[in-house]
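Naming convention: chains lettered A, B, ... in sequence-line order (proteins, then strands); numbering from 1 in each chain. When reading the values below, keep in mind they use all heavy atoms of this one structure, side chains included, and skip hydrogens, waters and symmetry mates.
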2 protein chains.
Amino acid sequence: MAAQRGRAGGPDADNAPTAEMPAVPAGAEVVRSRAAIPEAAVARLAVYLRVLSAMAEQGATTVSSEELSSAAGVNSAKLRKDLSYLGSYGTRGVGYEVSVLVGQIERTLGLTRQHRVAVVGIGNLGHALANYGGFPGRGFPVEALFDLDPDLIGVPVGGLPVSHVDDIPKVCAERQISIGVIATPPTAAQSVCDRLVAGGVQCILNFAPVVLQVPGHVEVRKVDLAVELQILSFHVARRADHVNNGSLELDGAGGNGVVVR
Amino acid sequence: MAAQRGRAGGPDADNAPTAEMPAVPAGAEVVRSRAAIPEAAVARLAVYLRVLSAMAEQGATTVSSEELSSAAGVNSAKLRKDLSYLGSYGTRGVGYEVSVLVGQIERTLGLTRQHRVAVVGIGNLGHALANYGGFPGRGFPVEALFDLDPDLIGVPVGGLPVSHVDDIPKVCAERQISIGVIATPPTAAQSVCDRLVAGGVQCILNFAPVVLQVPGHVEVRKVDLAVELQILSFHVARRADHVNNGSLELDGAGGNGVVVR
DNA sequence: TCATGTGAATTGGTTCACAGCA
DNA sequence: TGCTGTGAACCAATTCACATGA
């Protein structure tokens with residue numbers, strides 16, 4: 001049933017074989033295939049990639065860990081550690097070549113492949129998603145749309161006609177969809193999910209506020225507005241409590257902002 | 001500059017006076033602000049809350065950690081640990097009373113307060129958000145909408161007229177907005193963010209693919225479609241690699257699916 | 001007897017601090 | 001001289017396993 005990977009750093013960690021760590025030879029066997037990049041680092045790599053792309057557009061050819069990390073909102077040690085999972089592509093005393101990093105991150109994230117996307121549920125959100133048109137920075141073309149509403153079937157949205165949810169398995173298989181996006185009401189989500197899985201979809205991005213049950217080989221990520229808002233609510237409440245309790249020291253020495261430390 | 005709290009278990013930890021573990025003995029009105037619930041647990045509490053609400057609607061009055069955890073897609077040990085941060089509200093040998101749990105989680109997440117929301121950027125996504133109408137399960141009423149487009153100003157969306165982004169500080173202050181939702185194109189996001197902060201907003205939910213810079217007292221959470229898709233892409237690629245490498249042992253003993261372990 | 005609640009062990013992730021190299 | 005790359009130390013989160021109490 002594969003637990004959701006949602007929000008906060010899903011654990012999961014399939015016994016991923018660890019690094020071919022250059023040094024390793026020591027003992028004996030060990031080693032396996034590729035390197036186990038921590039889940040948390042993967043998420044950040046995607047952010048670095050975006051920042052780097054922006055920098056490249058501005059004509060930058062080189063960046064230091066300091067520059068890149070501050071643009072990405074992390075500290076430089078973490079950035080360097082994250083990049084080290086890719087291998088050693090920096091130049092000591094200098095920094096990283098932007099184009100090299102972009103290439104390596106893309107390769108690592110599997111962005112050299114195409115990942116065909118289907119969107120299910122063409123309501124407000126589904127519309128928004130369908131109109132993203134080719135999704136973020138290409139590589140994720142939307143190739144199928146589905147809904148239940150007879151009035152929508154056949155209507156083109158973002159240039160693509162809507163199909164009926166009953167056809168999900170067939171259409172997904174035909175069009176080799178690898179990522180299914182669920183933007184339906186919660187009640188429909190599980191059955192849609194089952195059909196996507198039947199259609200051979202490997203990953204699901206779920207916007208519906210339900211915990212999906214999927215077979216172990218399917219990867220699920222959840223985007224949950226209510227959860228996000230409630231987490232923010234928690235922080236507001238906590239802050240308010242602190243103030244009430246008079247323990248508003250909070251930023252003790254030097255009154256720096258926060259985070260920093 | 002407060003790092004983003006985004007995706008995978010934002011660390012960050014504003015120097016939150018962690019574990020001020022109630023040295024406060026058995027004494028009196030324990031409860032109080034209760035210290036340091038791990039960020040990761042907070043996100044899950046929101047999920048438990050939803051599951052519990054659904055159960056309550058179905059008439060359930062009691063639930064065991066086993067039932068609740070499987071419905072929420074986590075293991076029961078984690079669930080019990082999470083609930084223990086709230087205090088001891090279960091009955092050994094029996095389980096938890098649904099209504100008590102709902103109440104405690106709501107209290108902990110600060111859902112007894114109202115959190116007025118503003119949505120900035122009334123495009124496809126902004127429309128979708130505005131029409132959520134009162135956001136997830138009330139408690140998060142949308143009280144202001146903003147856009148740049150003159151054709152939109154004054155037009156009601158989801159029953160609320162759109163104001164101009166220049167008025168963000170004034171309107172947010174007037175209407176006591178505590179949560180700002182940014183659904184603008186990336187280029188506009190930082191300036192919108194600055195205005196929200198000027199308007200006294202305490203939390204920001206950012207859908208724009210940029211890393212926002214905010215003062216330390218403002219909490220930011222990011223929902224980033226591109227990042228989500230790229231993480232999924234990574235997993236697809238990794239899986240493909242494993243197969244190619246013939247190291248598809250992966251599930252050594254017993255050939256269970258994956259994830260599980 | 002059974003399921004909660006929780007210390008202790010473990011695992012995963014972050015940060016430090018410095019060796020190594022252009 | 002810098003800045004990368006990385007062991008080691010540290011801290012957070014998860015899981016284990018069992019004492020506890022209805």
K.L.:
Whole Å only: how far is the OH atom of A/Tyr89 from the C1' atom of D/dT4?
P.N.:
15 Å
K.L.:
Which whole-number value in Å describes the distance from B/Gln104 CD to C/dG5 P?
P.N.:
12 Å
K.L.:
Report, as a single string ordered 5' to 3', how protein heavy atoms within less than 4.0 Å touch nucleotides 6-11 of chain C: B base, S sugar-phosphate only, - not at all.
P.N.:
BBB---
K.L.:
So do B/Val236 and A/Cys203 actually touch side chain to side chain, heavy atoms under 4.5 Å?
P.N.:
yes
K.L.:
Side chain of B/Lys78 only, heavy atoms from C-beta on: which candidate in C/dG13, C/dG5, D/dT15 is closest?
P.N.:
D/dT15
K.L.:
Measure from CG on B/Leu101 to P on C/dT4 and round the result to the nearest Å.
P.N.:
10 Å
K.L.:
Could you check how far OH of B/Tyr96 sits from P of C/dC2, rounded to whole Å?
P.N.:
18 Å
K.L.:
Could you tell me the separation between the CG atom of A/Asp82 and the P atom of D/dT6, rounded to a whole number of Å?
P.N.:
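Atom CG in A/Asp82 sits about 13 Å away from atom P in D/dT6.
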K.L.:
Only one of B/Val223, B/Val181, B/Leu129 clears side-chain contact (heavy atoms from CB on, under 4.5 Å) with A/Leu225; which?
P.N.:
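The side-chain contact (heavy atoms from CB on, under 4.5 Å) with A/Leu225 is passed solely by B/Leu129 among B/Val223, B/Val181, B/Leu129.
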K.L.:
Measure the distance from CD on B/Glu39 to P on D/dA13 and round it to the nearest whole Å.
P.N.:
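Result: 8 Å.
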K.L.:
Just jot down the salt bridge (charged side-chain N to carboxylate O under 4.0 Å, His left out) partners of B/Arg80, sequence neighbours excluded, or say none.
P.N.:
none
K.L.:
Check the distance between D/dT14's P and B/Ile37's CD1 and give it to me in whole angstrom.
P.N.:
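B/Ile37 atom CD1 is separated from D/dT14 atom P by 13 Å.
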K.L.:
Quick one: is A/Asn75 getting a side-chain N or O under 4.0 Å of the C/dT15 phosphate, OP1 or OP2?
P.N.:
yes
K.L.:
Quick check: closest heavy atoms across B/Val201 and B/Gly180, and the distance to 0.1 Å?
P.N.:
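Smallest interatomic distance, heavy atoms only, reads CG1-N, 3.5 Å.
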K.L.:
Do B/Ser64 and B/Glu67 meet the criterion of a side-chain donor-acceptor pair at a distance under 3.5 Å?
P.N.:
yes
K.L.:
Going by atom types alone, do A/Glu39 and B/His235 pair a side-chain donor with an acceptor below 3.5 Å?
P.N.:
yes
K.L.:
Taking A/Leu79's backbone N and O only, do any of them form a donor-acceptor pair with A/Asn75's side chain (distance below 3.5 Å, no angle check)?
P.N.:
no
K.L.:
Please give, in whole Å, the distance from D/dA22 C1' to B/Glu97 CD?
P.N.:
14 Å
K.L.:
Show the nearest heavy-atom pair for residues A/His217 and B/Arg239, with the distance to one decimal.
P.N.:
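So the two residues come closest at O-NH1, 3.0 Å.
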K.L.:
Under 4.0 Å from any atom of DNA chain C, heavy atoms only: list the residues of residues 53-66 of chain B that qualify, in numerical order.
P.N.:
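DNA chain C contact set from residues 53-66 of chain B: B/Ser64, B/Ser65.
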K.L.:
Please check: side-chain N/O of A/Arg50 versus main-chain N/O of B/Pro209, any donor-acceptor pairing under 3.5 Å?
P.N.:
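Judged by distance alone, yes, a pair lies under 3.5 Å.
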K.L.:
Which residue lies toward the 5' end of DNA chain C, A/Val94 or B/Gly93, if each is placed at its nearest nucleotide?
P.N.:
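On the 5' side of the pair lies B/Gly93.
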